[in-house]
Amino acid sequence: MNKTISVSQIKDAAQEAYAQFKDNTGGKNADYIPYLANIDKNLFGISICLLDGRIITLGDSSYRFGIESVSKVHTAILALRQYGAEKVLKMIGADATGLPFNSIMAILLENDHPSTPLVNAGAITACSMVQPVGDSDKKWEAIVSNITDLCGSAPQLIDELYKSETATNFNNRSIAWLLKNYNRIYDDPDMSLDLYTRQCSLGITAEQLSIAAATVANDGVNPVTKKPVFDASLSPKITSLVATVGFYERTGDWLYTSGIPAKTGVGGGVMGIMPGHFGISAFAPPLDSSGNSVKAQLAIKYIMNKLGISIFGSTRFTITD
Ligand SMILES: NC(=O)CC[C@H](N)C(=O)O
C-alpha cells in the first residue's frame with residue numbers, strides 16, 4: 001500500500017501525544033546516578049526532524065539533559081567511520097545480549113564472543129577504539145566533534161553529572177577490567193571508561209537528538225546543516241544495531257508496539273530512526289524498570305501508531321506539505 005502523510009498530520013499526532021502524556025506520572029528518575037535523581041520529573045519534550053530539515057518541536061525540546069546511553073549510538077557511528085563496518089563487527093559485534101544495559105553476566109556468558117556497542121560493555125570498547133588510540137584528549141575531541149556533526153550543534157558537558165557518575169560508576173569499572181580480561185578492549189581500560197563516562201555526561205536536547213536520528217535516516221547527510229557526516233553504506237548498519245538492542249532486554253516489546261528502531265538513555269532521552277523519512281526524539285526523566293523513559297516511549301509509540309507506519313510494514317509513504 002502507498003499513502004501520503006502531510007506535515008500537518010505529523011504535527012497533529014505530536015501535539016496529541018504531548019497533550020495526552022504530559023501529566024502522566026508513571027516511572028521514576030534514575031537514582032543510581034545522584035545527579036539524575038534530582039532532575040525535574042515533569043520535564044517533557046518531543047522533536048521530529050524531517051529530511052528536508054524542518055523540525056517539529058513540543059514542550060521542553062530545548063532543555064539540555066544527560067545524553068547517557070543514547071551517546072552509545074553516536075560513538076558506534078564514530079567507530080564505524082574510523083574502522084568500517086566489517087572491523088566493528090569483528091572487534092565489538094552486533095548481537096543483542098537480552099540482558100540489562102550494565103550486565104556483567106552478559107560478558108561472562110559471551111566470553112570472547114563480542115556483542116554490541118549499544119550496551120555498556122560494547123560502548124566502553126567503542127571508546128577504546130576511538131582514534132588516535134592512546135591519546136585521551138584527542139579521542140575526546142573526536143567523540144565531541146562527531147556528536148556535533150550528527151546533531152548539527154555542539155553538546156555541552158554537564159560537569160556535575162560527570163562528577164556524580166565518576167564517583168559512583170563501580171559496576172562500569174568492573175566491566176572495563178573484565179573486558180581487558182577477555183581481550184575485548186583496545187586502549188587503557190581506565191581511560192576508555194573515563195571517556196565513556198564523560199560522553200554519557202554530555203548535555204543534549206531532544207531537538208539535537210532528532211537531528212542526529214534524521215542524519216542516520218538520511219544516509220549520513222545532516223538534513224539541517226547539509227553536511228555529509230558518514231558514508232551512506234553505514235546507515236543500515238547503524239539502524240540495525242539500534243533495532244537489535246536499543247531498549248536492551250525490552251527491545252522486542254518496543255519494536256512490536258512502536259515499529260521504529262530507537263535508542264534510550266537513563267537521562268530520559270529516546271532517539272528513533274525512520275529510515276528515509278525522519279528522526280524523532282522524546283525526553284522525560286521518569287524511567288521504567290529497564291531504564292527507559294516512560295513518557296518518551298508513550299509519545300513515540302502514539303505518533304507511530306497514529307500515523308499508521310512501521311519499519312516492518314509494507315505501507316510505503318511519502319511526506320508532503
Ligand atoms: N542506560 C544508560 O543510559 C546507562 C548510562 C550510564 N552512564 C551507565 O553507564 O550506567
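Whatever order the structure lists ligands and atoms in, that order sets their numbers, starting from 1. Just so you know, these numbers use all the heavy atoms, side chains as well, and skip hydrogens, waters and symmetry mates.
- No option in Trp254, Tyr256, Phe101 other than Trp254 meets the ring pair (Phe, Tyr, Trp, His ring centres under 6.0 Å) test with Phe247.
- Using a 4.0 Å cut-off to heavy atoms of Gly265, the atoms of ligand 1 that qualify are 3 (O).
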### Task
Decide yes or no on salt bridge (charged side-chain N to carboxylate O under 4.0 Å, His left out) for Arg198 and Glu165, but give the supporting numbers first.
CA-CA 9 Å; Arg198 239 189 294 171; Glu165 204 155 331; over 6 Å; no
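- Heavy atoms of Asn102 found under 4.0 angstrom from ligand 1: none, in either backbone or side chain.
- When hydrogens are left out, the protein atom nearest atom 1 (N) of ligand 1 is Ser69 OG, 2.8 Å; that is the closest non-hydrogen contact.
- A cation-pi arrangement is absent between Lys22 and Phe44, since the terminal nitrogen or guanidinium carbon is not both under 6.0 Å from the aromatic centre and inside a 45° cone about the axis.
- Within the structure, ligand 1 has Asn120 among the residues with a heavy atom less than 4.0 angstrom away.
- Rounding to the nearest 0.5 angstrom, the gap separating the CG atom in Asn172 from the CG atom in Asn120 is 4.5 Å.
- Within 6.0 Å of atom NZ in Lys226, more than 12 heavy atoms from other residues, nucleotides or ligands are found, so the atom counts as buried in its surroundings.
- Closest protein heavy atom to atom 10 (O) of ligand 1: Tyr32 OH, 2.6 Å.
- Of the polar atoms of Thr264, none of the N or O atoms is found under 3.5 Å from an N or O of ligand 1, judged by distance alone.
- Contacts between Cys200 and ligand 1 below 4.0 angstrom, taking non-hydrogen atoms only, involve the side chain exclusively.
- Between atom OG of residue Ser201 and atom CG of residue Leu36 there is a gap of 8.5 Å, rounded to the nearest 0.5 Å.
- Among all non-hydrogen protein atoms, the one lying nearest atom 7 (N) of ligand 1 is Glu165 OE2, 2.2 Å.
- Expressed to the nearest 0.5 Å, how far CG of Leu209 lies from SG of Cys151 amounts to 6.0 Å.
- Taking every non-hydrogen atom of Tyr196 and a distance limit under 4.0 Å, the qualifying atoms of ligand 1 come out as 5 (C), 6 (C), 7 (N), 8 (C), 9 (O).
- Atoms of ligand 1 lying under 4.0 Å from at least one heavy atom of Glu68, given by number and element, are 3 (O), 5 (C), 6 (C), 7 (N).
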